[in-house]
Amino acid sequence: MFSILRRRPRLKTIAIIIPVYNEEENLGFLHERLSKVFSSAPEYGFQIILVDDHSTDRTPEIMASLAAKDSRVSWLRLSRNSGSHTACAAGLDHCDADAAIIMAADLQDPPELVSSLLARYVAGAQIVWAVRESREGESWFTRAASEMFNWLMGRLTDLKMPPRGADVFLADQCVITAFRRMPERSLSLFSVMAWLGFRQESISYVKQARNAGRSKWTIRRKILLAIDSFVGFSYLPIRFMSVVGFLAALLGICWALYIMVMRLLGITQAVGYASIMITILILGGLQMLMLGVLGEYLWRTLEEARRRPRYFIEKSSRS
Ligand code: UDP
Ligand code: MG
């Protein structure tokens, strides 16, 4: 009798948030693989939140048909292509689950990772990173650039980023609530998550080759993300400017003293045109570079001061 009245423990809900940009070939496979993972973990209530980053292919129709046949699937469509980090932020803003897992739509990150991430979550971790052990199907240039970026981030900022970089992570409800209070526009999602703190752990996995289609992260976008990440979490470039300026001035003073002494001793005449040109060019170049670095910070300050919303929702499965 009492056992009937006793309330059954509430299922923990887990949202899988997936940024999607022109992934018409991948969504069906992704849904299939995720469904298999969900049936192997019946102790959780799963949701899939697809965030369409303004795709131009058949992605919206496929998302709608998945949502029509599976009540666990919901979707949002952003009003413009805003980049996957902003798309993930939109997903996190619209998620009311106990924990969320962010993963890409191209099956580079195997959906089976969900079980290992959940095991760490149950053991008490609040952020669980899936760190790339190795990467299949990517050029040596992509791998080298990514490793260089992660190394520099580790050196130049005080963030505890996963050393080989991560593309998938789990965040619990406290972390999601904290993230919603971080309003920055120049968003580097992974850096912000690492900055938040909480109990962070990691597991490792092998990043697969893309299931179908091409990467949407162009070199230009990657460079912009790298600059956002450095400028967002390090003042080192500005400090570096002061040090370079100081060293250049010191060098100039030493050079002037040297010439003065040589002249007084009558050893040599003033130095010629070539050395003046070299000095002007080097110092001019350095000044431009330094103005550029200041500009990066100034531009981002302006972006934040405008307080434009990060994204707008064009349509969603709930509207
Ligand atoms: N993506 C997005 N908006 C973009 C570019 C990419 O939402 O402007 C999504 C994309 O559909 C995928 C994920 O972000 O689900 C990772 O992108 P991609 O696989 O192209 O990047 P890579 O794995 O090459 O870094
Ligand atoms: Mg990918």
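Within a 6.0 Å sphere centred on CZ of R306, heavy atoms belonging to other residues, nucleotides or ligands number more than 12. More than 12 non-hydrogen atoms from other residues, nucleotides or ligands lie less than 6.0 angstrom from CZ of F149. Remark: F198 CZ is packed, more than 12 non-hydrogen atoms of other residues, nucleotides or ligands lying under 6.0 Å away. Residue M182 qualifies as enclosed at atom CE: its count of foreign heavy atoms under 6.0 Å is above 12.
The backbone N or O of G124 lies less than 3.5 Å from a partner atom in the side chain of R199, making a donor-acceptor pair. A donor-acceptor distance shorter than 3.5 angstrom exists from the side chain of N22 to the backbone of T56, with no hydrogens or angles considered. Put simply, the side chain of S74 never gets that close to the backbone of I49: no donor and acceptor are under 3.5 Å apart. Looking at T59, its side chain does come within 3.5 Å of a backbone N or O of E23 through a donor-acceptor pair. The backbone N or O of L27 sits nowhere less than 3.5 Å from a side-chain atom of H31 that would complete a donor-acceptor pair. For the pair Q200 (side chain) and A194 (backbone), a donor-acceptor distance under 3.5 Å is present.
Between L286 and V244, some side-chain heavy-atom pair lies under the 4.5 Å cut-off. Looking at heavy atoms from C-beta onward, S204 lies out of side-chain contact with R132 at the 4.5 angstrom threshold. L170 places none of its side-chain heavy atoms less than 4.5 Å from the side chain of W129. Looking at Y44 and V122, their side chains come closer than 4.5 Å, going by heavy atoms from C-beta outward. Side chains of I203 and L113 form a contact here, defined as non-hydrogen atoms less than 4.5 Å apart. Side-chain contact between F240 and M290: absent, with no pair of heavy atoms (C-beta onward) separated by less than 4.5 Å. The shortest distance between side-chain heavy atoms of Y311 and S79 does not fall below 4.5 Å. In this structure, the side chains of Y205 and D109 come closer than 4.5 Å at one or more pairs of heavy atoms.
M288 and I238 fall into different hydrophobic clusters, where Ile, Leu, Val, Met, Phe, Trp and Tyr side chains are chained together by heavy-atom contacts under 4.5 Å. Hydrophobic clustering, with ILVMFWY side chains joined whenever heavy atoms are under 4.5 angstrom apart, groups I223 together with V293. In the hydrophobic clustering of ILVMFWY residues, with side-chain heavy atoms under 4.5 Å counting as a link, I227 and Y297 come out together. Side-chain heavy atoms closer than 4.5 Å link hydrophobic residues (I, L, V, M, F, W, Y) into clusters, and following such links, possibly through other members, connects V131 to M148. Under a hydrophobic-cluster definition in which Ile, Leu, Val, Met, Phe, Trp and Tyr are linked whenever side-chain heavy atoms come within less than 4.5 Å, directly or via other members, L291 and L298 are assigned to different clusters.
To the nearest 0.5 Å, atom CD of residue Q108 and atom CG of residue D167 are 7.5 Å apart. Between atom CD1 of residue I62 and atom CD of residue E25 there is a gap of 8.5 Å, rounded to the nearest 0.5 Å. For the atom pair L265 CG and M260 CE, the distance stands at 11.0 Å (nearest 0.5 Å). Remark: F29 CZ to D106 CG distance equals 13.0 Å, nearest 0.5 Å. To the nearest 0.5 Å, atoms OG (S84) and CD1 (I18) are separated by 13.0 Å. Considering CG of D52 and OG of S317, their distance stands at 11.5 Å, rounded to 0.5 Å.
In terms of heavy-atom proximity, A87 sits nearest to L78 at CA-CD1, 3.9 Å. In plain terms, the two heavy atoms of C88 and I17 that are nearest each other are O-CG2, 4.2 Å. Residue R77 comes nearest to S55 through the heavy atom pair NH1-O, 3.1 Å, listed as atom of the first residue, atom of the second, then distance. Minimum heavy-atom separation, A105 to V20: CB-CG2, 4.3 Å. The two residues H54 and Y21 come nearest to each other via the heavy atoms O-CE1, 3.5 Å. In this structure, M193 and F169 approach most closely via the heavy-atom pair CG-CZ, 3.7 Å.
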What verdict does the side-chain contact (heavy atoms from CB on, under 4.5 Å) test give for I127 and E201, after you've listed the backbone C-alpha separation in whole Å, the side-chain angles of each residue and the deciding distance to 0.1 Å?
CA-CA 6 Å; I127 297 181; E201 289 187 14; over 6 Å; no

Verdict with reasoning, D53 to N81, per side chain to side chain donor-acceptor pair (under 3.5 Å)
CA-CA 5 Å; D53 193 10; N81 179 241; 3.0 Å; yes

I'd like to know whether R33 forms a side-chain contact (heavy atoms from CB on, under 4.5 Å) with K36, so could you lay out the CA-CA distance, the side-chain angles of the two residues, the decisive distance to 0.1 Å, and finally the verdict.
CA-CA 5 Å; R33 295 246 316 252; K36 277 192 198 135; 5.8 Å; no

Would you check, one step at a time, whether the test side-chain contact (heavy atoms from CB on, under 4.5 Å) holds for L251 with C254?
CA-CA 5 Å; L251 197 73; C254 293; 5.7 Å; no

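Side-chain atoms of S35 and D70 include no donor-acceptor pair closer than 3.5 Å.
In the hydrophobic clustering, where aliphatic and aromatic side chains (Ile, Leu, Val, Met, Phe, Trp, Tyr) are joined below 4.5 Å either directly or transitively, L302 groups with W299.
Each of T177, I176, V175, V51 was scored for a side-chain contact (heavy atoms from CB on, under 4.5 Å) with L92, with one residue passing: I176.
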Contacts table for residues 96-104: side-chain donor-acceptor under 3.5 angstrom, sequence neighbours left out:
from, atom 1, to, atom 2, distance (Å)
D98, OD1, R10, NH2, 2.9
D98, OD2, R10, NH2, 3.1
D98, OD2, T13, N, 2.8
D98, OD2, T13, OG1, 3.2

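The aromatic rings of F46 and F38 lie parallel to each other, their planes meeting at an angle below 30°, with 60° marking the opposite boundary.
Between R300 and E296 there is a salt bridge, since a side-chain N of the basic residue sits under 4.0 Å from a carboxylate O of the acidic one. Ion pair E303/R185 not flagged as a salt bridge, since none of the NZ, NE, NH1 or NH2 atoms sits closer than 4.0 Å to an Asp/Glu carboxylate oxygen.
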